[in-house]
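Working notes, structure below.
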Amino acid sequence: MGFILRLLIDNTNENPDPLIRLLFILNQIAEYFLSMSLGSIIQLLRKNPEIFDKEVYAVTKHEDKERLNKLLKSVLDRYNDIDQQYDINAVITMLKETGLAKSEYIESITDNEAG
């Protein structure tokens, strides 16, 4: 199996491409969000501390849950964009703007794409 094919089908944490890895995780988050499984989303975010900011997904009270749901919805509305108004860059930008993803990780993606 060629490197590109392995890269595209490898959805594990060992995927060397930060963008592909992030897209696989976002897809899983979208599936959990549709099934209203916030606990599964939080577990997935915790498993990827180099990508997601613990302070943003920490839930200790009901208001935190509402805030996190709102952040996830704003990101996933762009990710699941049926009208195709947004591209991958818009999704990545929204992740950064909401603070859900760490700036350093997003910058590593944009630096990779630029270089």
Side-chain angles (χ1 to χ4, degrees):
M1 183 181 310
F3 173 74
I4 299 297
L5 184 57
R6 278 196 315 270
L7 182 67
L8 293 175
I9 62 172
D10 178 12
N11 66 351
T12 66
N13 284 340
E14 291 81 34
N15 194 309
D17 186 287
L19 175 59
I20 299 296
R21 183 174 174 201
L22 181 62
L23 292 175
F24 276 119
I25 292 169
L26 278 175
N27 191 59
Q28 188 65 55
I29 290 171
E31 288 178 24
Y32 289 148
F33 194 80
L34 281 176
S35 64
M36 296 182 280
S37 182
L38 188 60
S40 295
I41 293 171
I42 291 171
Q43 286 178 354
L44 184 58
L45 298 176
R46 279 187 188 142
K47 287 181 184 176
N48 294 281
E50 67 286 352
I51 301 174
F52 301 104
D53 188 351
K54 179 180 168 182
E55 300 301 318
V56 176
Y57 66 78
V59 174
T60 57
K61 53 189 174 207
H62 185 71
E63 291 83 21
D64 294 336
K65 183 178 176 182
E66 289 175 347
R67 177 190 46 79
L68 181 56
N69 265 321
K70 188 175 180 179
L71 290 176
L72 290 168
K73 184 175 179 347
S74 65
V75 170
L76 294 174
D77 281 349
R78 292 208 179 167
Y79 179 75
N80 293 320
D81 179 29
I82 295 170
D83 298 327
Q84 297 181 345
Q85 292 176 271
Y86 303 107
D87 59 11
I88 290 173
N89 190 46
V91 174
I92 292 170
T93 300
M94 180 59 77
L95 279 166
K96 187 175 179 180
E97 287 174 359
T98 60
L100 192 59
K102 291 182 176 178
S103 294
E104 304 84 33
Y105 193 82
I106 298 301
E107 289 166 8
S108 77
I109 291 171
T110 55
D111 289 348
N112 269 351
E113 297 303 313

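Note that the coordinates shown come from a computational prediction; the quantities given were computed from them, not determined experimentally.
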Could I get the full list of salt bridge (Lys or Arg N to Asp or Glu O under 4.0 Å) partners for [X], not counting sequence neighbours?
{"X": "Lys65", "answer": "none"}
{"X": "Asp87", "answer": "none"}
{"X": "Lys96", "answer": "Glu107"}

Cut-off 3.5 Å, no hydrogens considered: what does the side-chain donor-acceptor table look like for residues 36-43, sequence neighbours left out?
| from | atom 1 | to | atom 2 | distance (Å) |
| --- | --- | --- | --- | --- |
| Ser37 | OG | Ser40 | OG | 2.7 |

Worksheet item: Is the backbone of Val59 close enough, under 3.5 Å, to the side chain of Arg67 for a donor and an acceptor to pair up by distance?
Response: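 Looks like no, no N/O pair under 3.5 Å.
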Discussion item. Keeping Tyr105 on the side-chain end and Pro49 on the backbone end, is there a donor-acceptor pair under 3.5 Å?
Written reply: no
Only counting residues at least two apart or in another chain, list the ones meeting side-chain contact (heavy atoms from CB on, under 4.5 Å) with [X].
{"X": "Lys61", "answer": "Glu63, Asp64"}
{"X": "Gln28", "answer": "Glu31, Tyr32, Leu44"}
{"X": "Ala58", "answer": "none"}

List the residues meeting side chain to side chain donor-acceptor pair (under 3.5 Å) with [X], not counting sequence neighbours, and say none if there are none.
{"X": "Tyr57", "answer": "none"}
{"X": "Asp77", "answer": "Lys73"}
{"X": "Lys70", "answer": "none"}
{"X": "Glu97", "answer": "none"}

Worksheet item: Looking at side-chain heavy atoms only, is the closest gap between Lys54 and Leu45 below 4.5 Å?
Response: no
Discussion item. For a 4.5 angstrom cut-off between non-hydrogen side-chain atoms, does Leu95 reach Leu22?
Written reply: yes
Practice prompt. Taking all non-hydrogen atoms of both residues into account, name the closest pair between Leu68 and Val56 and its distance.
Written response: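 Between these two residues, the closest heavy atoms are CD1-O, 4.1 Å.
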Worksheet item: Looking only at heavy atoms, which two atoms of Gly99 and Asp53 are closest? And how far apart?
Response: O-CB, 3.6 Å
